[in-house]
Trainee: 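Have a look at this one.
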Amino acid sequence: KGLEGRASAALQAFRAELDRLERLLAAGAPVPGAAERLEADFVRLARALKVADVFAAASESPGTFELLPRRASALVPPPGAPRLAVAEFLLERARQSPDDVARKRRDVELAHELLLRSAVESEADRERYREARDAAASARQRVRAAPVVRSVADLARHVRLSARRSPEQAYRALKGLYERAVEAQDAPLAEAAHAAVRAVIPGPAAVAQALERDERLRAAGLELPGPEALPPGGKASPHELADDLLAELAFDLDADQRAALELAAGLSRYFDVEDALAEPLVEAALAEARPAPRRVGWPTQTMTYEFASGLDELGNFVIHHPRMLLYDLAANRQPVRAYLEDAPEGARRQVRKTAVRVYVLDASGSMHGQRARFRDALLIAELNAIRVKARAQLPFDPLYFSFFNDVPTDLERVDDAGAALLHINRLFRESPARGQTDITLALGSAFESIRKARGRDPYLARATVVLVTDGEDHLDPAVIRQLQGPVEGVQIALSFVSLGEENPDLKQLAHEQRAKGSRAFYQHLSDPELESVRTAFDRGFRTLLPDSVPLSPALLEQLLPHLEALEAIGRGRGLSAPVHGPQQFAAFFPERSPAFDGGQEADGERVADILAAVADAVSLAPADDRAAEAVTLLQHLLALYGLPTSRWPALLEGAAPRARAPYEQLRLVCAPFTAPGP
């Protein structure tokens with residue numbers, strides 16, 4: 001009620017100020033800068049009203065309170081593109097999986113990849129597509145910060161193990177479980193996880209300080225890695241890193257620069273072009289591994305007895321009978337005190353850099369205003385990610401970038417925090433924009449730079465070239481195909497971000513690469529969409545719990561009863577639904593290829609689109625799950641678009657001829673894993 005009253009008062013004050021400024025404008029005495037100030041105040045007012053509405057709705061109808069409202073599928077028509085429907089299905093399935101983080105992470109990453117590769121054809125799907133991209137970006141950030149466990153019981157065991165060694169890691173694991181339970185609307189699990197979190201957090205003053213630090217980091221556009229991401233023996237704790245980063249940036253940024261960093265923080269998740277599906281999932285430790293002890297020459301807390309090997313150990317001799325000393329030495333049975341300590345952890349093996357990203361950025365005269373702001377924010381996001389990872393001693397791949405117009409600039413290599421900060425400051429001072437656009441020349445320069453990078457890094461295996469342009473130039477696809485060939489074993493994927501205007505040549509080139517199995521995408525944002533692009537604030541999953549708080553290693557005793565309650569909930573949860581077996585796959589996708597004669601007309605075109613969407617999704621899934629996933633996705637799409645399962649054989653026979661290629665792809669990627677064992 002207090003929030004609602006204060007929000008209403010703020011609304012009335014804003015209305016009064018707006019009326020006053022309108023009267024001054026009508027009288028011919030406008031206030032300088034009033035429009036910009038009103039726009040900024042309106043954004044803050046909208047946020048305050050949204051928060052007040054959420055809490056007011058909760059107090060009025062506690063039985064129907066929903067923190068994350070979603071569409072009712074029965075009232076919303078299906079999207080025109082089956083690929084978008086598959087992505088929405090995967091995101092919804094991920095929301096309903098608070099227990100199995102491995103499955104949730106795989107579904108979210110797969111949905112993000114499908115959306116990144118999809119190009120929206122119809123205007124009716126554009127807003128829905130953007131909402132799905134926003135949901136996938138936010139979910140990816142949260143699920144990547146959670147420990148990879150497969151059940152609530154496994155998470156409780158992981159917290160028991162990490163509570164003494166890394167209490168903040170245990171806190172973040174419980175907070176992540178609470179957020180996933182709220183997202184899935186699982187009230188019993190959310191209540192148990194919330195009680196565990198409340199049992200370990202410190203007093204209100206410490207929580208308020210931690211929340212203020214988190215918000216200041218977000219306001220500066222910084223994403224600070226969690227404490228579990230820091231390597232052993234790191235030089236700085238997360239809190240020290242936060243203070244250092246704030247001290248370096250807080251007093252050097254004006255309002256426009258902070259807005260650019262906030263936009264960059266949002267775009268870093270929206271346009272993440274890393275191949276996350278290729279990363280192996282490292283599950284959380286569930287059992288304590290004792291390090292091998294080693295013998296040392298100084299007193300320690302651990303002592304045992306061994307037999308002496310020489311007189312150099314005389315100071316540790318255990319003498320029972322002095323007259324038997326010589327006999328015991330000669331018989332190699334003289335006892336001696338031996339002190340032990342845990343062996344230090346071996347040096348971490350350096351992960352070889354196997355991939356690079358090359359950003360080729362349009363700096364022509366037409367790239368101005370929101371287009372230039374969006375382009376610079378993309379690059380700032382990449383540079384800031386390198387800077388934060390380097391300061392946290394996390395592994396990262398180098399980044400290359402260049403601006404181009406009629407003459408491309410030299411390709412810059414960024415592989416440390418200092419270089420990243422230098423280029424961010426340069427982008428703040430001036431945004432390059434001059435001349436005309438020559439895309440073909442710029443891409444040729446980028447490919448030549450990859451050849452040079454191959455000489456510097458012998459372990460370079462693949463490269464992703466991301467072209468950011470407004471599309472106001474026609475390129476020669478034949479020249480690009482010739483230039484894009486493998487560079488001494490380095491596979492080059494070429495992707496495009498088109499701002500403002502569509503470019504059919506770039507779009508066709510991306511389709512050709514995907515048809516050949518390359519990981520390429522084409523994303524187009526019109527000028528109105530660039531004006532309303534969402535920032536980091538709009539993407540975050542907001543709770544009243546801070547990301548991290550200072551905790552004591554003695555919190556395990558406070559957690560024990562809550563962990564037992566979580567384990568009891570985990571034991572009482574039902575098993576997952578049975579997956580589809582090879583018989584179901586063979587029934588839906590028989591070995592004999594259908595005719596695909598196009599006799600079904602409209603339904604035949606829809607079936608071709610469905611097969612293409614299922615083939616794209618299944619080819620990205622783990623090999624053992626492909627057949628079951630194909631049946632699950634097909635059944636969902638048939639029900640979504642009102643096609644009866646009983647007519648599926650006839651629908652296959654009458655599908656459009658273009659359905660043959662995805663059907664054969666499905667058989668190719670799934671059939672080897674459906675044969676019954678001996």
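The residues of the chain are indexed from 1 along the displayed sequence. As the structure is a computational prediction, the values presented were derived from the model and not from experiment.
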Trainee: Would you mind checking if Lys104 and Glu183 are paired as a salt bridge, meaning a charged N to carboxylate O distance below 4.0 Å?
Mentor: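 Salt bridge between Glu183 and Lys104, a charged N being under 4.0 Å from a carboxylate O: yes.
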
Trainee: Decide if atom CD of Glu557 counts as having more than 12 heavy atoms of other residues, nucleotides or ligands within a radius under 6.0 Å.
Mentor: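 Counting neighbours around CD of Glu557, more than 12 heavy atoms of other residues, nucleotides or ligands fall under 6.0 Å, so yes.
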
Trainee: Enter the distance from Arg142:CZ to Glu179:CD here, rounded to the nearest 0.5 Å.
Mentor: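 Nearest 0.5 Å value for the CZ-CD distance: 6.5 Å.
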
Trainee: Got a second to check how far Phe401's CZ is from His423's NE2, nearest 0.5 Å?
Mentor: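 So the CZ of Phe401 and the NE2 of His423 are separated by 4.5 Å.
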
Trainee: Determine, stepwise, if the pair Leu84 / Leu115 fulfils side chain to side chain contact (heavy atoms under 4.5 Å, CB included).
Mentor: CA-CA 7 Å; Leu84 179 56; Leu115 292 168; 3.8 Å; yes

Trainee: Do His194 and Leu174 make a side-chain contact, defined as non-hydrogen atoms from C-beta onward lying under 4.5 Å apart?
Mentor: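 Side-chain contact under 4.5 Å: no.
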
Trainee: Got a donor-acceptor contact below 3.5 angstrom from the Ser166 side chain to the Ser162 backbone?
Mentor: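 No, because the side chain of Ser166 does not come within donor-acceptor range (under 3.5 Å) of the backbone of Ser162.
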
Trainee: Looking at CG of Leu3 and CG of Asp53, how far apart are the two atoms once the value is rounded to the nearest 0.5 Å?
Mentor: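 The CG atom of Asp53 is 10.5 Å from CG of Leu3, to the nearest 0.5 Å.
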
Trainee: Looking only at heavy atoms, what is the nearest atom pair of Ala48 and Ala7, with distance?
Mentor: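 For Ala48 and Ala7, the tightest heavy-atom pair comes out as O-CB, 4.2 Å.
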
Trainee: If you compare all heavy atoms of Ala170 against all heavy atoms of Ala163, which two are closest, and at what distance to 0.1 Å?
Mentor: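 The pair with the smallest heavy-atom distance is CB-CA, 3.9 Å.
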
Trainee: In terms of side-chain geometry, is the basic nitrogen of Glu629 or Arg93 positioned less than 4.0 Å from the acidic oxygen of its partner?
Mentor: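 A salt bridge links Glu629 with Arg93.
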
Trainee: For residues 187-202, which residue pairs pass the salt bridge (Lys or Arg N to Asp or Glu O under 4.0 Å) check, not counting sequence neighbours?
Mentor: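 For residues 187-202, and leaving out neighbouring residues, there are no salt bridge (Lys or Arg N to Asp or Glu O under 4.0 Å) pairs at all.
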
Trainee: Which heavy-atom pair separates Ala111 from Ala87 by the least distance, and what is that distance?
Mentor: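 Shortest heavy-atom separation between Ala111 and Ala87 comes out as CB-O, 3.8 Å.
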
Trainee: Using modelled atom types only, decide if a donor and an acceptor are shared between the side chain of Ser151 and the backbone of Asp154 within a distance under 3.5 Å.
Mentor: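 Yes; judged by distance alone, with no hydrogens or angles, the pair exists.
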
Trainee: Ignoring hydrogens and angles, state whether a donor on the side chain of Arg133 or Gln523 is under 3.5 Å from an acceptor on the partner side chain.
Mentor: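 A pair is found: one side chain offers a donor N or O, the other an acceptor, under 3.5 Å apart.
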
Trainee: Atom CD of Glu109 and atom CD of Glu113: how far apart are they, to the nearest 0.5 Å?
Mentor: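 Separation between the atoms: 8.5 Å.
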
Trainee: Do Leu421 and Asn384 make a side-chain contact, defined as non-hydrogen atoms from C-beta onward lying under 4.5 Å apart?
Mentor: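 Sidechains of Asn384 and Leu421: no contact.
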
Trainee: Assess the residue pair Arg160 and Glu567 against the criterion (salt bridge (charged side-chain N to carboxylate O under 4.0 Å, His left out)); give the C-alpha distance rounded to whole Å, side-chain angles, the decisive distance to 0.1 Å, and a yes or no.
Mentor: CA-CA 11 Å; Arg160 286 178 185 269; Glu567 291 172 343; 3.2 Å; yes

Trainee: Closer than 4.0 angstrom, basic N to acidic O: yes or no for Arg150 and Asp99?
Mentor: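 Judged by the 4.0 Å cut-off on N to carboxylate O distance, Arg150 and Asp99 do not form a salt bridge.
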
Trainee: Between Leu566 and Ala192, what is the shortest heavy-atom contact and its length?
Mentor: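 Smallest heavy-atom distance, with atoms named: CD2-CB, 3.7 Å.
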
Trainee: If you compare all heavy atoms of Ala617 against all heavy atoms of Leu633, which two are closest, and at what distance to 0.1 Å?
Mentor: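 Scanning both residues, the minimum pair turns out to be CB-CD1, 3.7 Å.
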
Trainee: Is there side-chain contact between Val159 and Leu559, with heavy atoms separated by less than 4.5 Å?
Mentor: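 Yes, close enough: below the 4.5 Å cut-off.
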
Trainee: Could you give me the CA-CA distance, side-chain angles and deciding distance for Val108 and Leu90, then say whether side chain to side chain contact (heavy atoms under 4.5 Å, CB included) is met?
Mentor: CA-CA 7 Å; Val108 169; Leu90 293 172; over 6 Å; no

Trainee: Set out, in order, the CA-CA distance, both residues' side-chain angles and the distance that settles salt bridge (charged side-chain N to carboxylate O under 4.0 Å, His left out) for Asp107 and Arg103, then state yes or no.
Mentor: CA-CA 6 Å; Asp107 285 345; Arg103 174 68 177 269; 3.5 Å; yes

Trainee: What pairs with Thr300 under side-chain hydrogen bond (donor to acceptor under 3.5 Å, both in side chains), at least two apart in sequence or on another chain?
Mentor: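 By the side-chain hydrogen bond (donor to acceptor under 3.5 Å, both in side chains) rule, Thr300 matches no residue at all.
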
Trainee: Any non-hydrogen side-chain atom of Val497 less than 4.5 Å from a side-chain atom of Phe521?
Mentor: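 Yes, close enough: below the 4.5 Å cut-off.
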
Trainee: Taking the side chain as everything from C-beta on, heavy atoms only, tell me whether Glu88 gets closer than 4.5 Å to His636.
Mentor: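 Counting from C-beta outward, Glu88 and His636 never come under 4.5 Å.
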
Trainee: List the residues meeting ring-ring contact (aromatic ring centres under 6.0 Å, His included) with His562, not counting sequence neighbours, and say none if there are none.
Mentor: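 Partners of His562 under the ring-ring contact (aromatic ring centres under 6.0 Å, His included) test: none.
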
Trainee: Taking side-chain hydrogen bond (donor to acceptor under 3.5 Å, both in side chains) as the definition, give me every residue that meets it alongside Asp625, ordered by chain and number, with sequence neighbours left out.
Mentor: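 Per chain and number, Asp625 pairs via side-chain hydrogen bond (donor to acceptor under 3.5 Å, both in side chains) with Arg106.
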
Trainee: Should Leu379 and Leu383 count as side-chain neighbours, where that means a heavy-atom distance under 4.5 Å?
Mentor: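 Yes, side chains in contact.
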
Trainee: Is any side-chain heavy atom of Ile386 less than 4.5 Å from a side-chain heavy atom of Asp415?
Mentor: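 Of all side-chain heavy-atom pairs linking Asp415 with Ile386, none is under 4.5 Å.
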
Trainee: According to side-chain hydrogen bond (donor to acceptor under 3.5 Å, both in side chains), who are the partners of Asp186, at least two apart in sequence or on a separate chain?
Mentor: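 Scan of Asp186 (side-chain hydrogen bond (donor to acceptor under 3.5 Å, both in side chains), adjacent residues dropped) gives Arg573.
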
Trainee: So which heavy atom on Ala199 is nearest to which on Gln558, and how close?
Mentor: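 Taking Ala199 first and Gln558 second, the nearest heavy atoms are O-OE1, 2.8 Å.
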
Trainee: Would you check if the side chain of Ser619 reaches a backbone N or O of Asp616 as a donor-acceptor pair within less than 3.5 Å?
Mentor: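 Looks like yes, one N/O pair under 3.5 Å.
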
Trainee: Mark yes or no for whether Thr632, through its side chain, and Ala628, through its backbone, hold a donor-acceptor pair below 3.5 Å.
Mentor: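 Looks like yes, one N/O pair under 3.5 Å.
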
Trainee: So how far is it from Leu161 CG to Gln169 CD, rounded to the nearest 0.5 Å?
Mentor: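 Output value for this atom pair is 8.5 Å.
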
Trainee: Check step by step if side chain to side chain contact (heavy atoms under 4.5 Å, CB included) holds for Val466 and Val358.
Mentor: CA-CA 6 Å; Val466 183; Val358 183; over 6 Å; no

Trainee: Tell me, do Tyr400 and Glu412 make a side-chain contact under 4.5 Å, heavy atoms counted?
Mentor: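 Tyr400 vs Glu412: side chains apart.
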
Trainee: Could you state the interatomic distance from CG (Leu49) to CD (Glu4), rounded to the nearest 0.5 Å?
Mentor: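 Here the rounded value is 10.0 Å.
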
Trainee: Taking side-chain hydrogen bond (donor to acceptor under 3.5 Å, both in side chains) as the definition, give me every residue that meets it alongside Arg6, ordered by chain and number, with sequence neighbours left out.
Mentor: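 Arg6 satisfies side-chain hydrogen bond (donor to acceptor under 3.5 Å, both in side chains) with no other residue.
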
